[in-house]
Amino acid sequence: PARASEWKLVPRVEVQEAFTDNARLSRANRSSDFVTRVAPGIDLTAKGGRVTADLDYSLGYDAYARETDMNGLRHNLRGTGKVELLEDNLFVDLGAFAGQSPVLARGRVSAIDRSLGGDSSQVYSYSVSPYWRSRYGAWADGELRYRFSQIAARRERGDLAPAAAPALLSDTDIHQASAAILSGENFDRLRWKLSADHAETQVSNGTALTIGGSSSSLRRQSASAQP
C-alpha cells in the first residue's frame, strides 16, 4: 500500500537590531540610525508517499528609528515540490521563489543587507513541470517533459526611485519541452541516448527568443577488471 506523506510545519520569528553611522550610504549628509527587523516565517516539509515538498518563507519588515521613509517590507520564499500523479509514470515538479535583487549592478545595500529604494526590485518566480516517464522493459527508458516558468520583477518604491520609474521592470514567460530516450539494462556495454528540446522565451517588452535542438550520444563501457 502507498505510504502517506509526513508533513512538518515549523513557525519562527526572527528579530534583529542594527546600528549604522550612514543609513543612506551617502558621501554627503551622513546620518546615523537604528534599524529593527522583524521577520516571521515558516518552514514546511513533506516526505514520503506521492508528495515531497520543501518550502521556506519569511515576511520581513525593516523599521528605521529616524529615517522612517526607508522602512520596507520584503518577501523571501524558496520552495520546491514533486507530486506523483500516476504511479511510476506521471509526475509534476513545482518551484517558487521570491526575493530582492539590485536593479543596478552597483545597487546600494543598507545596514541590514537590504537594497535601497530605487536601486532594488522584488523578484517573484514560479515553475510547473509535468512529465511522463516510461520504461520499455530492460531495453530503454523514456521521458517527455513540459515546463512553464514565469518571472516578474517589480521595483520597490522609495525616495531613491525616480517618480516616473515603472513599478513592473519585467515579466518573462518561458515555455520548454523536451523528450529523451536512453538505453536500459540490456545495454550494459554500449550506452546510448537520444534527446530533443525546444524553448520559447517571451518578455513583457516584446522581446521573444526561440531555441531548439536535438542530440544523440553513444558510449562504450569497458568491462571491469578481474582480480
Side-chain angles (χ1 to χ4, degrees), residues 1-9 42-57 75-101 121-154 168-221:
R3 183 165 61 91
S5 298
E6 299 178 1
W7 294 81
K8 183 178 180 180
L9 177 64
I42 59 171
D43 185 13
L44 175 66
T45 58
K47 297 180 180 179
R50 294 193 174 189
V51 177
T52 59
D54 188 355
L55 182 145
D56 186 280
Y57 172 74
H75 301 272
N76 293 286
L77 169 67
R78 286 178 175 81
T80 58
K82 180 178 180 179
V83 182
E84 185 178 9
L85 299 178
L86 186 60
E87 188 174 3
D88 297 331
N89 291 118
L90 183 58
F91 304 84
V92 177
D93 286 345
L94 305 168
F97 170 84
Q100 198 180 48
S101 176
S121 65
Q122 183 75 36
V123 179
Y124 302 91
S125 68
Y126 71 91
S127 63
V128 180
S129 179
Y131 57 101
W132 179 274
R133 284 181 174 172
S134 300
R135 184 171 179 82
Y136 305 99
W139 295 100
D141 297 313
E143 180 181 286
L144 292 173
R145 179 185 289 266
Y146 170 75
R147 177 185 175 93
F148 173 76
S149 306
Q150 188 171 60
I151 305 170
R154 288 169 171 78
L168 179 63
L169 295 176
S170 65
D171 195 348
T172 304
D173 294 344
I174 304 173
H175 301 268
Q176 297 170 294
S178 63
I181 185 169
L182 62 156
S183 54
E185 298 172 358
N186 284 347
F187 295 89
D188 57 341
R189 296 289 184 85
L190 190 64
R191 309 295 291 179
W192 54 266
K193 179 179 180 181
L194 300 174
S195 63
D197 60 86
H198 179 82
E200 294 183 2
T201 301
Q202 298 175 337
V203 187
S204 56
N205 62 10
T207 302
L209 176 65
T210 301
I211 300 175
S214 61
S215 65
S216 61
S217 63
L218 183 67
R219 179 167 56 92
R220 179 181 177 83
Q221 293 189 170

Between CD1 on residue Ile174 and CD1 on residue Ile151, distance to nearest 0.5 Å: 4.5 Å
When you measure from the side chain of Arg78 to the backbone of Gly95, do you find a donor-acceptor pair of N or O atoms at a distance under 3.5 Å? no
Show the nearest heavy-atom pair for residues Leu55 and Asp43, with the distance to one decimal. O-OD1, 3.1 Å
Parallel, tilted or perpendicular for Trp192 and Phe187, by the 30°/60° rule? perpendicular
How long is the span from the OG1 atom in Thr52 to the CG atom in Leu94, to the nearest 0.5 Å? 9.5 Å
Taking every non-hydrogen atom, the tightest pair across Gln122 and His75: NE2-O, 2.8 Å
Do Ser195 side-chain atoms and Ala179 backbone N/O form a donor-acceptor pair below 3.5 Å? no
Is there a side-chain contact between Gln150 and Asp171 (heavy atoms, below 4.5 Å)? yes
Return the NZ to CG distance between Lys8 and Asp54, rounded to the nearest 0.5 Å. 11.5 Å
Identify whether the distance between the nearest side-chain nitrogen and carboxylate oxygen of Asp88 and Arg135 falls below 4.0 Å. no
Arg147 to Ser129 - nearest heavy-atom pair and separation: CB-OG, 3.8 Å
Any side-chain heavy-atom pair from Tyr57 and Leu44 closer than 4.5 angstrom? no
For Asp141 and Ser183, which heavy atoms make the closest approach, and how far apart are they? OD2-O, 4.5 Å
Taking side chain as C-beta onward, heavy atoms only, is Asp93 less than 4.5 Å from Lys82? yes
For the pair Phe91 and Tyr131, name the ring-plane relationship: parallel under 30°, tilted 30 to 60°, perpendicular over 60°. parallel
Rounded distance [0.5 Å steps], CD in Glu200 versus CD1 in Ile211: 10.5 Å
Residue that, paired with Tyr146, satisfies side chain to side chain donor-acceptor pair (under 3.5 Å) out of His175, His198, Gln176: His175
For the atom pair CG (Asp173) and CZ (Phe148), what is the distance rounded to the nearest 0.5 Å? 4.0 Å
From Ile181 atom CD1 to Ser134 atom OG, the distance as rounded to the nearest 0.5 Å: 8.5 Å
